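Before any comments, here is the structure.
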Amino acid sequence: MTIDCLQPDLSARFGREDVLRSAKPFLKWVGGKQQLLAQFEAYFPVTFAKYFEPFVGGGAVFFHLWNAGKLPEQVFLFDDNQELINTYLVVRDKIDELIRILATHKQKHNEKYYYEVRDLDRREIELSDVERAARNSYLNKTCYNGLYRVNSKGQFNVPIGSYINPQILYEDVLLTASAALQGINIELRDFRSIVDLAQSGDFFYFDPPYDPVSKTASFTSYTADSFGDSAQRDLARVFGQLTEKGCLCMLSNSCTPFILELYRGFRIEIVRAKRAVNSDANGRGDVQEVVVLNY
């Protein structure tokens, strides 16, 4: 991707390539890969045809590759979290409107206001795409640990976090993210549907909800449907199908016997990450995670 593809108003605001190349995640995301990028650098392929990220989440790997100028012309960011994808689309296409609404959320923020905004989905109030994105971003920055969790009805149910000065609006972060997302294909899509899009030489980076390291560590409710063993098996099958098509595949997950068995025919590397969100003390702190590669 080149700077030439940026919206003219964003280019005019920055004007310096070093600032434009400092894009980073604009949302908190449990299991985000920001801290692992230095370890990942040795595993990224040097060249590839198209780039796909089927579980975009916070987008740390995408932004890292964009900053480094390593992305090809065609980039596809997918997720099956409707609110997340809507937020990405709004950051890409309607950034000024989003910033204006977030400024209002920042001004009004307190505990009572948080629960009023959180409960908008329970009250079935119709919101525009920008209002939904602002709500999602506001809740993300003010809820407990930045969790995204919904109940069986798809209603956000995370309590407010204990923050003195939550980062509700960081305009520069949003603007640089918007710059990076110009020309990027962003779509609500289930990972099981991506095989038909792939061609030999494409690069896929998978960062699914992790296999829980213990029964008390399970946290997979990013959508109304949890991501359990069956979904992990489906993902391993997709990984194998893409491999047969000649695609370059890289996947992150927990270092558990189940995951090691699912990908036993592939190259597996161990990385270390600091994780804090876990009811089991054994799953907090410095933990082992795997990077699965087919190259």
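What you see below is based on every heavy atom in this structure, not just the backbone, and it leaves out hydrogens, waters and symmetry mates. If you're wondering where the values come from, they're calculated on a predicted model, not measured in any experiment. We number each residue from 1, following the sequence as shown.
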Should Leu181 and Ile186 be marked as a side chain to side chain contact (heavy atoms under 4.5 Å, CB included) after you check the CA-CA gap, both sets of side-chain angles, and the distance that decides it? CA-CA 9 Å; Leu181 291 169; Ile186 302 170; 4.1 Å; yes
May I have the step-by-step check of ring-ring contact (aromatic ring centres under 6.0 Å, His included) for Phe26 and Tyr88, ending in yes or no? CA-CA 9 Å; Phe26 53 88; Tyr88 269 87; 5.0 Å; yes
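In this structure a side-chain-to-backbone donor-acceptor pair under 3.5 Å is missing from Ser200 to Cys247. With Lys245 contributing its side chain and Val195 its backbone, the two residues share a donor-acceptor pair below 3.5 Å. Looking at Arg192, its side chain never comes within 3.5 Å of a backbone N or O of Asp234 through a donor-acceptor pair. At least one donor-acceptor pair closer than 3.5 Å links the side chain of Glu131 to the backbone N or O of Ser128. In this structure, Gln182 contributes its side chain and Ser178 its backbone to a donor-acceptor pair below 3.5 Å. A donor-acceptor contact shorter than 3.5 Å is absent between the side chain of Asn86 and the backbone of Gln82. Without hydrogens or angle criteria, Gln35 side chain to Lys274 main chain gives a donor-acceptor distance under 3.5 Å. Looking only at distances, no side-chain donor or acceptor of Asp211 sits under 3.5 Å from a matching main-chain atom of Ser254. Between the side chain of Gln232 and the backbone N or O of Phe258, no donor-acceptor pair lies under 3.5 Å. Side-chain N or O atoms of Arg272 include none that pairs as donor or acceptor with a backbone N or O of Glu289 at under 3.5 Å.
Counting non-hydrogen atoms of neighbouring residues, nucleotides and ligands closer than 6.0 angstrom, the OH atom of Tyr170 reaches no more than 12 such neighbours. Summarising the local packing, NZ of Lys106 is surrounded by 12 or fewer heavy atoms from other residues, nucleotides or ligands at distances under 6.0 Å.
Phe78 carries Arg189 over the face of its six-membered ring, with the cationic atom under 6.0 Å from the centre and within 45° of the normal.
In the hydrophobic clustering of this structure, Phe156 does not group with Tyr163; members are Ile, Leu, Val, Met, Phe, Trp, Tyr whose side-chain heavy atoms approach within less than 4.5 Å, directly or through other members.
Aromatic rings of Tyr138 and Tyr113 (six-membered ring for Trp) have centroids within the 6.0 Å cut-off, being under it.
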Distance-only check: which donor-acceptor pairs under 3.5 Å involve side-chain atoms of residues 45-58, not counting sequence neighbours?
{"from": "Lys50", "atom 1": "NZ", "to": "Gln199", "atom 2": "OE1", "distance (Å)": "3.3"}
{"from": "Lys50", "atom 1": "NZ", "to": "Asp202", "atom 2": "OD1", "distance (Å)": "3.3"}
{"from": "Lys50", "atom 1": "NZ", "to": "Asp202", "atom 2": "OD2", "distance (Å)": "3.0"}
{"from": "Tyr51", "atom 1": "OH", "to": "Glu53", "atom 2": "OE1", "distance (Å)": "2.5"}
{"from": "Glu53", "atom 1": "OE1", "to": "Phe62", "atom 2": "N", "distance (Å)": "3.4"}

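Using modelled atom types, one finds a donor on one side chain and an acceptor on the other under 3.5 Å when comparing Arg149 with Asn157.
The minimum heavy-atom distance between Asn81 and Leu84, with the atom names listed, is OD1-N, 3.0 Å. A pairwise comparison of heavy atoms in Asn253 and Pro208 identifies ND2-CG, 3.8 Å as the closest pair. Minimum interatomic distance between Trp66 and Ala179 (heavy atoms only, all atoms of both residues): CZ2-O, 4.0 Å.
Taking 4.5 Å as the limit, some side-chain heavy atom of Lys33 sits within range of a side-chain heavy atom of Phe40. For the pair Leu102/Ile99, no side-chain contact is recorded, criterion being any heavy-atom separation below 4.5 Å from C-beta on.
Taking 4.0 Å as the cut-off between side-chain N and carboxylate O, Glu116 and Lys112 count as a salt-bridged pair. Between Arg132 and Glu83 there is a salt bridge, since a side-chain N of the basic residue sits under 4.0 Å from a carboxylate O of the acidic one. Under the 4.0 Å criterion applied to side-chain N and carboxylate O atoms, Lys70 and Glu41 are assigned as salt-bridge partners.
Between Phe191 and the options Tyr205, Phe227, Phe239, a ring pair (Phe, Tyr, Trp, His ring centres under 6.0 Å) holds for only Phe227.
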